**Q** 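Below you'll find the structure I mean.
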Amino acid sequence: MRRTLLRTGLAALITAGILALSHATHAATRGGKMIYARYADSLFLDPVLNDANTDIWVLTNLYDTLLAPTKDGLGVQPGLATKWDTAADGKALTLTLRPGVKFADGSPLTAGDVKWSLDRARDPKAGAWSGSLASIAGIEASDGVVKIALEHPDPTIIPALATFNAAILPQKLFEAAPGETPEDKARAFAEHPVGSGPFVLATWQRGVSMTLRRNPHYWKPADDGKPLPYLDELEFPIIPDDATRLLKLKAGEIDGTEFVPYARVKELQADPALRMELWPSTRVTYLTMFAGATYKDGKPNPMANPKVRQALNYAVNKDAVIGITTLGLGKPMRSFMSATTPLFAGQDLYKYDPAKARALLAEAGFPNGFETSVLALSGNADEANNLAIIQQMWGQVGVKLRIDLVDNATRTARYRAEDFAMRTSLWTNDISDPSQVTSYAAYYPNIHSQHSQWRDERVDALFVKSQQETDPAARAAQYKEIQDRYCAAAPIVFLYETPYPVAFRKQAQGFVQIPLGNNLFEAAFVDK
Amino acid sequence: MTAALLRVEDLRVGFAAPGGTVRAVDGVSFAVDAGEIVGLVGESGSGKSVTLRAITRLLRRTATVSGRAEWRGRDLLALPERALRAVRGREIATIFQEPMAALNPVLTIGEQIEESLAAHGGLDRRARRARAVELLGLVGIASGAQRLRSYPHEFSGGMRQRATIAIALAAQPMLLLADEPTTALDVTIQDQILKLLTRLSAELGMAMVLVTHDLGVVAETCARVCVMYAGRVVEAGPVGTVFARPRHAYTAALLRSMPQGGAARQPLVPIPGQPPRLDQAIPGCPFAPRCGFVEARCWTDAPPFSQVAPAQWAACWAAERVGAC
Amino acid sequence: MSRAGLVAARLLQIVPTFLAIGAVVFVLARLLPGDPVSAMLGDRATEEAVTRLRAQLGLDQPLWTQFLLFAGRMLHGDFGTSIALRVPVTAVIAERLPATLVLTALATVLAVGLAVPLAFVAATQAGRWPDTLIRAAFQVGLSSPIFYVGLLLLTVFAAGLRWFPVGGYGDGVAGHLYHLLLPALTLALSFSAVIMRNLRAAILEVLQAEFVDFARSKGLSRRVVLFRHVLRNALLSTVTLVGLQVGTLLGGAVITESVFAVPGVGRLMVDSIFARDYPVIQALTLVLAVIVSLAFLVTDLVQMWLDPRVAR
């Protein structure tokens with residue numbers, strides 16, 4: 001009896017010891033600085049008026065939204081709001097604000113700030129992102145409660161409230177910023193932004209580096225009960241060259257960096273001092289094909305025929321492309337949205353079959369193939385790799401591809417003018433909902449299905465319905481049908497999804513990148 | 001014979017060329033006494049300029065020099081570099097044909113005079129400056145103090161040559177080697193410079209070797225003359241004697257081809273033919289193809305440089321017949 | 001004309017050059033396909049967003065109006081606001097210009113310091129092994145692309161030997177200079193090859209000059225002849241070369257600034273072109289044109305100072 005007791009006691013002690021030890025190794029170091037090198041600098045730190053990923057991915061460290069994305073990016077969790085209820089008719093949303101939240105300057109965050117920030121964000125004159133909040137009819141703010149009235153039931157409003165442009169700004173401080181027009185004030189305020197997020201902007205030397213300081217009033221606690229963030233300081237030096245960033249990381253001059261080239265991933269994984277992190281992303285790489293009957297110059301477009309588009313898909317060995325360009329880090333696209341997007345309903349698409357490709361081309365009236373061109377970004381190694389392989393494979397079925405290398409602004413200009421045959425495309429979701437990518441890529445009335453002029457009236461109708469569909473099962477079914485129809489019609493050449501490749505020194509931990517791309521440093525720390 | 005200041009013996013200079021070695025100087029011997037002016041005359045390509053430069057080893061590394069150039073008892077061609085530099089400028093000076101080319105365009109005349117003084121004398125800056133002004137006066141350049149600060153391109157042709165002479169004379173050399181010093185100058189200036197050189201030679205007791213193609217210049221300035229052809233000295237002797245009764249066919253032909261003021265009007269007779277190529281060995285006399293006195297042995301046997309009259313030497317099988325004309 | 005008068009005249013010449021370049025770059029920038037709006041808003045923007053932003057930036061106005069506005073403001077020293085960065089253009093350029101200028105100046109010093117002695121050795125040892133070795137080494141330097149050389153230097157001397165920081169700009173004057181040494185060396189390597197070739201040929205040419213023989217005939221030492229006579233004349237053409245290359249060097253700074261993460265105007269120019277940031281492109285082109293003009297002026301002045309034959 002005593003022996004068993006002793007043994008049990010010993011076992012318990014050992015278990016407790018192991019637990020304590022493992023807890024100790026995971027306990028975050030408080031204080032200190034993390035240096036994270038970025039490839040490009042932010043331009044404008046305003047949640048509503050910004051334009052670039054380089055702004056968005058930093059903003060989430062400065063500001064909070066009512067709802068926060070979950071770590072897997074698929075759902076939402078409490079942010080500045082602790083509770084939220086949708087009315088039965090779906091046309092009202094009531095949110096209870098977290099009490100005691102302060103902005104970085106110590107002033108309290110009120111419902112008035114929420115109303116003002118959301119009104120500003122949804123103003124169509126204000127910025128390009130206002131569309132995500134377009135369904136809001138009006139906002140009422142009172143003591144700790146915000147009531148949002150919607151024009152119609154909107155299944156996207158919840159994820160929209162977790163998106164960067166719905167960040168809550170301090171109304172008084174913003175209006176006190178120097179400047180006459182709202183744009184002037186926005187500009188001035190963005191130089192010294194004040195939010196309720198884990199960090200606050202300390203210094204910013206444009207093009208050189210940005211330093212964020214810990215926000216002492218941040219509301220979110222760590223596991224140990226004390227407030228986040230762990231870091232005192234966060235520095236973002238700007239280093240445009242990939243090779244230089246990695247050299248700095250290896251030399252220990254920085255703690256982490258983004259956009260590690262695929263070719264270097266294996267090498268960093270083998271380095272005992274470093275840790276390679278591959279975060280699931282919403283990033284999809286594909287080729288957009290113009291589907292209009294004629295090109296802009298009036299010549300007939302072979303790809304107006306879905307058989308041709310399918311043939312072009314069958315003629316590409318996706319696995320080969322993934323192997324060569326991403327060195328196996330990518331996965332085949334199984335829909336026009338990434339697998340990490342809510343309501344994703346994918347399938348295996350267009351398995352490599354050159355014989356079938358030739359057959360389809362013949363059926364479509366192109367037994368000897370045809371000539372076409374693609375707009376690609378000059379200097380982009382991934383696009384160059386992809387197109388080299390695709391060019392060769394299409395050559396085998398008689399399709400001659402001419403690669404036109406242009407810069408970003410040129411490609412965008414021709415794209416918007418719908419003056420292209422094909423273009424290389426890259427997409428990342430900004431909101432955790434399939435509506436954004438669908439309205440962009442598949443819904444004709446928005447921008448002609450990413451300027452391809454592909455039109456499927458059933459898809460358009462389904463989309464409109466889904467925008468007000470509150471029944472999750474029904475919405476999922478609508479999106480399944482949209483995706484099935486889209487994939488069958490093949491308006492794009494489906495290529496691959498790739499993770500976000502970031503690398504850190506072993507001592508630097510706690511970084512999170514959600515599939516939307518936001519860099520979250522609130523729980524990041526550097527071990528001594 | 002008194003110990004000559006400079007005695008050149010069997011000087012040979014060859015230049016490496018793709019076709020073979022070019023024998024620019026093929027056995028030249030002559031001597032210069034203290035204070036005397038010797039003319040080295042010949043047409044272009046005769047090797048006279050090369051001879052001059054060879055003496056103080058001013059030729060490029062591509063040249064192979066053999067023979068002896070005895071200066072005050074020491075062979076200049078065998079002297080170590082340092083000792084040679086002590087001779088150059090201090091004991092033997094050189095002036096060149098084109099004064100604009102001979103002067104460093106980025107240094108003032110004063111600087112170019114004073115660096116010579118600095119290299120050879122123990123004078124301090126003040127003394128150097130004073131001496132420079134003195135030198136300019138010596139060569140006939142007025143307002144020397146101002147002129148010291150002038151650059152070569154600010155002088156006229158004649159003044160530049162005067163300046164070159166001033167620079168050359170800075171360290172009071174005993175011998176001046178002058179390579180066609182007046183050829184590039186205006187006719188009127190030529191006369192001035194020649195007169196200047198003669199005066200300086202007399203005043204300073206300085207010997208001079210004057211290289212020229214102009215017999216008239218030789219007649220005016222030189223005491224003795226050496227006539228060169230195809231890299232060899234073909235005749236040597238006092239100017240009056242050689243010009244009155246040449247003993248080498250070439251000398252005679254030269255004299256006939258040039259106008260001589262004062263003599264009765266005679267038709268000018270140019271010398272037919274071309275000088276020989278110097279990259280091939282010449283068995284006999286190099287002038288044979290163009291010679292009006294040529295004999296059979298001229299083609300096969302090189303005539304020796306022998307005395308043909310008191311103080312007159314020539315290398316010609318037909319010396320007698322030439323002298324008789 | 002007195003020297004001061006000449007300088008004044010040359011400085012005045014810059015004004016019409018300025019205006020002409022201003023007009024040309026205004027047109028050229030707008031000839032590029034796309035505009036700041038497409039660059040900024042990217043592929044996702046809706047038509048309304050594009051139209052709104054275009055109006056906000058005044059890009060929907062006729063070209064003439066835009067040009068007159070630009071010219072008018074320019075004459076007041078107002079170069080407008082950067083479209084991408086939303087800060088006054090003069091502020092951005094003033095912030096970034098010093099880095100590029102210091103980089104270029106340092107590169108010039110290093111290039112000259114490297115090329116002159118080696119050209120000297122190569123020329124005086126012409127045909128022998130030191131000459132061949134030096135010329136071969138510089139040929140390699142000349143043929144290597146800047147970004148490759150830069151990365152190589154970074155890998156070996158910065159990341160490897162830790163003698164230098166891995167890129168960046170540092171703090172304070174000493175810090176800046178320290179950080180700029182490797183990028184300056186990168187730029188200097190290809191520049192010095194050009195200088196070396198030119199100087200070596202100039203030295204060889206001068207060595208044949210008669211005044212060198214004259215100097216030797218004066219009994220001057222080898223050292224005096226080489227430095228006072230040969231080098232001083234040979235360097236005349238090098239000075240001109242260096243001055244004329246300033247423009248090229250500024251161009252090479254672009255790539256170097258990217259590889260070494262130096263916040264200079266080279267990168268700013270490239271980024272602005274990609275972003276079609278017209279105000280920055282225009283202002284920066286003008287600034288660079290003025291710098292190059294001044295470099296030419298300084299070169300001419302130095303030449304005048306060194307070579308008394310140059311007409312004053």
Side-chain angles (χ1 to χ4, degrees), chain A residues 37 40-41 43-44 46 49 51-53 124-131 183 186-187 190-191 205-209 237-241 243-254 288 406-417 419 423 425-427 430 436 440 446-447 450-451, chain C residues 32-50 52-53 56 81-87 91-92 95-96 99 147-148 150-151 154-155 158-160 162 165-171 255 257-265 267-268 270-271 273-277:
Chain A
D41 199 6
L43 296 174
F44 190 35
D46 182 303
L49 299 177
D51 314 294
N53 277 344
K125 284 203 279 354
W129 309 106
S130 60
E183 286 87 40
R187 225 175 286 162
E191 297 285 309
Q205 224 189 328
R206 284 177 181 282
V208 183
S209 108
I238 310 300
I239 303 172
D241 189 279
T244 312
R245 280 204 305 282
L246 292 179
L247 274 174
K248 263 185 117 69
L249 183 65
K250 291 184 147 200
E253 291 186 15
I254 56 177
T288 306
V406 296
D407 75 342
N408 198 16
T410 310
R411 186 175 65 175
T412 305
R414 287 192 48 190
Y415 171 66
R416 306 178 58 82
D419 177 18
R423 60 155 285 176
S425 301
L426 188 67
W427 172 272
D430 295 305
Q436 192 201 18
Y440 177 77
N446 185 17
I447 50 167
Q450 56 187 349
H451 296 294
Chain C
L32 289 169
D35 66 359
V37 178
S38 27
M40 244 185 11
L41 296 183
D43 302 334
R44 307 181 176 203
T46 53
E47 271 314 308
E48 309 95 66
V50 170
R52 204 183 328 118
L53 189 56
Q56 216 178 326
T81 311
S82 160
I83 295 174
L85 301 171
R86 287 165 234 247
V87 287
V92 175
E95 210 177 41
R96 308 261 228 151
F147 72 83
Y148 177 71
L151 273 176
L154 265 183
T155 313
R162 307 291 191 96
V166 183
Y169 191 41
D171 298 301
I255 305 173
E257 285 174 17
S258 280
V259 173
F260 288 88
V262 172
V265 292
R267 255 174 61 201
L268 179 64
V270 172
D271 291 342
I273 292 175
F274 281 142
R276 305 287 191 271
D277 196 342

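If you're wondering where the values come from, they're calculated on a predicted model, not measured in any experiment. A, B, ... follow the sequence lines: proteins, then strands. Residue 1 opens every chain.
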**Q** Identify, with sequence neighbours excluded, every residue that meets ring pair (Phe, Tyr, Trp, His ring centres under 6.0 Å) alongside Tyr169(C).
**A** His176(C)

**Q** State the CZ-CG distance between Arg187(A) and Leu85(C), to the nearest 0.5 angstrom.
**A** 11.5 Å

**Q** How many angstroms lie between CG in Leu246(A) and OG1 in Thr155(C), if you round to the nearest 0.5 Å?
**A** 10.5 Å

**Q** For a quick check under 3.5 Å, do Ser82(C) and Arg206(A) share a side-chain donor-acceptor pair by atom type?
**A** no

**Q** At a heavy-atom distance under 4.5 Å, which candidate from Asp41(A), Val406(A), Asp430(A), Ile254(A) has the highest pair count against chain C?
**A** Asp430(A)

**Q** If I measure from the heavy atoms of chain A, does Leu154(C) come under 4.5 Å with its side chain, its backbone, both, or neither?
**A** both

**Q** For chain C, which candidate among Pro240(A), Gly131(A), Ala413(A) shows the most heavy-atom pairs at distances under 4.5 Å?
**A** Pro240(A)

**Q** Let me know if Pro36(C) has heavy atoms under 4.5 Å from chain A in its side chain, its backbone, both or neither.
**A** neither

**Q** For each of Arg416(A), Arg414(A), Gln450(A), tally heavy-atom pairs with chain C at distances under 4.5 Å, and name the one with the top tally.
**A** Arg416(A)

**Q** Assess whether a salt bridge exists between Asp46(A) and Arg86(C), defined as any Lys/Arg side-chain N lying under 4.0 Å from an Asp/Glu carboxylate O.
**A** no

**Q** Can you say whether Asn446(A) sits under 4.5 Å from chain C via the side chain, the backbone, both, or neither, judging by heavy atoms?
**A** side chain

**Q** Using non-hydrogen atoms and a 4.5 Å limit, figure out which bit of Glu183(A) sits close to chain C: side chain, backbone, both or neither.
**A** side chain

**Q** Could you walk me through whether Asp407(A) and Arg276(C) satisfy the salt bridge (charged side-chain N to carboxylate O under 4.0 Å, His left out) test, starting with their C-alpha distance in whole Å, then the side-chain angles of each, then the deciding distance to 0.1 Å, before giving a yes or no?
**A** CA-CA 11 Å; Asp407(A) 75 342; Arg276(C) 305 287 191 271; 2.6 Å; yes

**Q** Between CD1 of Ile239(A) and CZ of Phe260(C), what distance do you get to the nearest 0.5 Å?
**A** 12.0 Å

**Q** Measure distances from Ile447(A) to the heavy atoms of chain C and classify the residue's part below 4.5 Å as side chain, backbone, both or neither.
**A** side chain

**Q** Is it the side chain or the backbone of Gln56(C) that comes within 4.5 Å of chain A heavy atoms, both, or neither?
**A** side chain

**Q** Heavy-atom distance under 4.5 Å to chain A: side chain of Val87(C), backbone, both or neither?
**A** side chain

**Q** So, using ring pair (Phe, Tyr, Trp, His ring centres under 6.0 Å) as the criterion, who are the partners of Tyr440(A) when residues are at least two apart?
**A** Trp427(A)

